[in-house]
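So the structure is just underneath, and the comments pick up after that.
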Amino acid sequence: MRHAKPVLLVIAHGSRDPRHAATVHALVRRVRSRRPGLRVETGFLDFNVPSVQGVLESLAAEGVRDVVALPLLLTRAFHAKADIPAVLREAPPRLRIRQAEVLGPSPLLLSALERRLYEAGLTPADKSSTGVVLASAGSTDPEAIAVIAEIAREWRHTGWCAVRPAFASASLPRTEDAVRELRALGCAKVAVAPYVLAPGFLPDRIARGAAQADVLADVLGPAPEVARLLLERYDAARHPALAAVGA
């Protein structure tokens with residue numbers, strides 16, 4: 001079977017926590033609903049099925065020729081730079097695969113973060129008196145850490161009292177440390193915004209670190225802005241020349 005459009009293969013990390021895969025599938029359903037004519041598949045690097053390799057082999061067996069592989073990642077750290085390219089190199093040779101960019105940074109993710117904060121109880125009127133902890137999973141990759149810090153600086157300029165980055169692993173400060181810093185700074189309220197896509201071990205650590213905060217937002221998950229961003233990354237990988245013109 002031939003498909004006029006490349007298949008979108010969403011590549012998720014995977015987790016032993018069943019909430020992770022459930023959230024990924026909810027996001028993919030939202031992507032499908034936004035573009036009914038697009039075939040969207042999901043593959044996992046670890047812990048969950050189907051595996052990325054298994055999906056690619058199935059697509060090749062069906063006669064699919066073109067695939068856009070989209071890393072469900074917020075930063076260009078080890079998985080995007082090493083793990084995913086290695087898996088894609090093992091794909092059946094008949095497949096033409098283009099790897100899309102990771103999701104972050106993007107203004108759409110800031111919009112999704114604010115959506116989650118408002119869903120958790122804040123209002124736009126709280127912005128100027130609320131300090132926000134931008135709580136990431138963390139990475140040993142300096143580029144990824146620098147991106148998180150830059151996002152925090154950019155977000156601060158949209159009207160929040162203050163924004164501080166925090167990390168659940170590999171880097172400092174931890175969420176609880178950033179919460180204390182914002183309290184000491186004099187913010188009337190402190191909110192924690194997890195900059196993560198799905199629940200799991202590290203998001204749970206973020207939640208524990210938010211114990212002394214006033215508000216803890218949910219993970220980004222299937223937020224409409226995230227679904228829209230996936231399609232933007234797909235389109236950019238499919239038509240890189242047009243994406244460059246629009247940049």
Side-chain angles (χ1 to χ4, degrees), residues 3-15 19-46 48 50-52 55-56 58-59 64 66-77 79-81 83-85 87-88 91 95-116 119 134 136-137 144 147-148 151 193-200 203 217-244 246-247:
H3 297 268
K5 299 177 183 176
V7 171
L8 170 54
L9 172 58
V10 176
I11 301 179
H13 182 275
S15 171
R19 297 173 299 166
H20 176 91
T23 302
V24 170
H25 290 311
L27 173 58
V28 169
R29 285 194 297 272
R30 177 154 257 166
V31 172
R32 290 187 183 120
S33 72
R34 290 185 66 95
R35 195 170 295 183
L38 175 64
R39 180 173 178 181
V40 187
E41 300 290 342
T42 308
F44 296 90
L45 290 173
D46 207 353
N48 302 103
S51 67
V52 175
V55 174
L56 291 171
S58 295
L59 291 173
V64 171
D66 290 311
V67 175
V68 170
L70 195 158
L72 199 59
L73 300 168
L74 296 175
T75 59
R76 287 195 75 254
H79 293 303
K81 294 176 180 178
D83 283 353
I84 291 174
V87 171
L88 297 180
L95 291 176
R96 179 180 179 227
I97 302 175
R98 285 163 278 187
Q99 182 175 330
E101 289 295 327
V102 297
L103 299 182
S106 167
L108 285 170
L109 292 175
L110 291 182
S111 296
L113 286 165
E114 295 204 356
R115 171 189 293 275
R116 292 303 190 223
E119 289 171 351
L134 180 68
S136 166
V147 166
I148 299 299
I151 291 169
Y195 191 62
V196 293
L197 286 164
D218 199 358
V219 298
L220 295 170
E225 297 85 355
V226 180
R228 178 181 164 191
L229 182 55
L230 261 70
L231 290 170
E232 286 191 2
R233 294 291 189 254
Y234 168 83
D235 290 337
R238 187 182 172 202
H239 302 295
L242 293 178

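Bear in mind that the values here come from a model prediction, so they are computed numbers and not experimental data.
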Distance, nearest 0.5 Å, that separates [atom1] of [X] from [atom2] of [Y]:
X	Y	atom1	atom2	value
H20	L72	NE2	CG	7.5 Å
Y195	L74	OH	CG	5.0 Å
E101	L229	CD	CG	11.0 Å
T23	D218	OG1	CG	8.0 Å
L88	L56	CG	CG	6.5 Å
L27	L220	CG	CG	9.5 Å

Taking the side chain as every heavy atom from C-beta outward, state whether [X] and [Y] have any atom pair closer than 4.5 Å.
X	Y	result
Q99	P85	yes
V24	N48	no
V219	R19	no
L231	L38	yes
L113	L134	yes
R115	P224	yes

Check your understanding: Can you list the steps and then say if V226 with L108 is a side chain to side chain contact (heavy atoms under 4.5 Å, CB included)?
Key -> CA-CA 7 Å; V226 180; L108 285 170; over 6 Å; no

**Study point:** Ion pair E119/R116, N-O distance below 4.0 Å
**Key:**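 A salt bridge links E119 with R116.
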
Exercise for review: Applying side chain to side chain contact (heavy atoms under 4.5 Å, CB included), run through T42 and V55 and close with a yes or a no.
Suggested key: CA-CA 8 Å; T42 308; V55 174; over 6 Å; no

Can you give me the closest heavy-atom contact between [X] and [Y], atom names plus distance?
X	Y	result
G104	L109	CA-CD1, 3.6 Å
A198	P203	O-CG, 3.3 Å
V68	A100	CG1-CB, 4.0 Å
V147	P105	CG1-CD, 4.2 Å
P71	L103	O-CG, 4.3 Å
R32	V40	NH2-O, 2.6 Å

Exercise for review: For the pair R233 (side chain) and V102 (backbone), establish whether a donor and an acceptor sit closer than 3.5 Å, ignoring hydrogens and angles.
Suggested key: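 Confirmed, R233 side chain pairs with V102 backbone.
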
Check your understanding: Between the main-chain N or O of P6 and the side-chain N or O of R238, is there a donor-acceptor pair closer than 3.5 Å?
Key ->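 No; zero donor-acceptor contacts below 3.5 Å.
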
Exercise for review: Apply side chain to side chain contact (heavy atoms under 4.5 Å, CB included) to the pair R39 and V64, showing each step before the final yes or no.
Suggested key: CA-CA 11 Å; R39 180 173 178 181; V64 171; 4.0 Å; yes

Exercise for review: Please indicate whether R228 has more than 12 foreign heavy atoms, meaning atoms of other residues, nucleotides or ligands, lying under 6.0 Å from its CZ.
Suggested key: no

Point to revise | Derivation of the side chain to side chain contact (heavy atoms under 4.5 Å, CB included) call for D46 and D83 | key: CA-CA 11 Å; D46 207 353; D83 283 353; over 6 Å; no

Practice item. Could you check D66, V67, L70 and say which one makes a side-chain contact (heavy atoms from CB on, under 4.5 Å) with R98? Key: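 The residue from D66, V67, L70 that satisfies side-chain contact (heavy atoms from CB on, under 4.5 Å) with R98 turns out to be D66.
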
